[in-house]
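See below for the structure under consideration.
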Amino acid sequence: MNVGDRVRVAESVIVYHHPQHKKQPFDIKGLEGEVQAIVTEWQGRPVSANMPVLVKFEPRFSVHMRADELEILSPGA
């Protein structure tokens, strides 16, 4: 999985920060988005993030996820 890949959420994932469902449980299974970053370091130091894949779904909605929760639809440009 690389930055720019188009992905779909393959598993049921409940979030509470979706812009249209604030503070309510919302399942994002089936949503499609684009990989924005793979978190491997913070402030120049290596980290082992639990959810290293940052996916942007809408202009104001991004989620950190695990790679096994996503399926690649098309590789990035």
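- A donor-acceptor pair under 3.5 Å links the side-chain atoms of D27 to the main chain of V13, judged by distance alone.
- No option in V53, L31, L70 other than L70 meets the side-chain contact (heavy atoms from CB on, under 4.5 Å) test with V7.
- Cluster membership check: L54 does not share its hydrophobic cluster with V63, using side-chain heavy-atom separations under 4.5 Å among Ile, Leu, Val, Met, Phe, Trp and Tyr.
- Note that NE2 of H64 is 11.0 Å distant from CD of Q36, once rounded to the nearest 0.5 Å.
- Among pairs with a residue in residues 29-58, those fulfilling ring-ring contact (aromatic ring centres under 6.0 Å, His included) read F57-F61, at least two apart in sequence or across chains.
- Put simply, CZ on R60 and CD on Q20 are 10.0 Å apart, with the number rounded to the nearest 0.5 Å.
- Checked against side-chain hydrogen bond (donor to acceptor under 3.5 Å, both in side chains), N50 has no partners two or more places apart in sequence or in another chain.
- Ion pairing between a basic and an acidic side chain is recognised when a charged N comes within 4.0 Å of a carboxylate O; K56 and E34 show no such pairing.
- Residue G30 comes nearest to R8 through the heavy atom pair O-CG, 3.7 Å, listed as atom of the first residue, atom of the second, then distance.
- Alongside I14, the hydrophobic cluster contains Y16 (criterion: ILVMFWY side chains under 4.5 Å).
- Note: the hydrophobic cluster containing V9 also contains I38 (ILVMFWY, side chain heavy atoms under 4.5 Å, direct or indirect links).
- In this structure, the side chain of E69 engages the main chain of R66 through a donor-acceptor pair within 3.5 Å.
- Taken to the nearest 0.5 Å, the CE atom of M65 stands 9.5 Å off from the CE atom of M1.
- A distance of 9.5 Å separates CG of D5 from CG of L73, quoted to the nearest 0.5 Å.
- Here the side chains of E11 and K29 are not in contact, with every heavy-atom distance at 4.5 Å or above.
- H18 and F26 have tilted rings, their planes meeting at an angle from 30° to 60° on a 0 to 90° scale.
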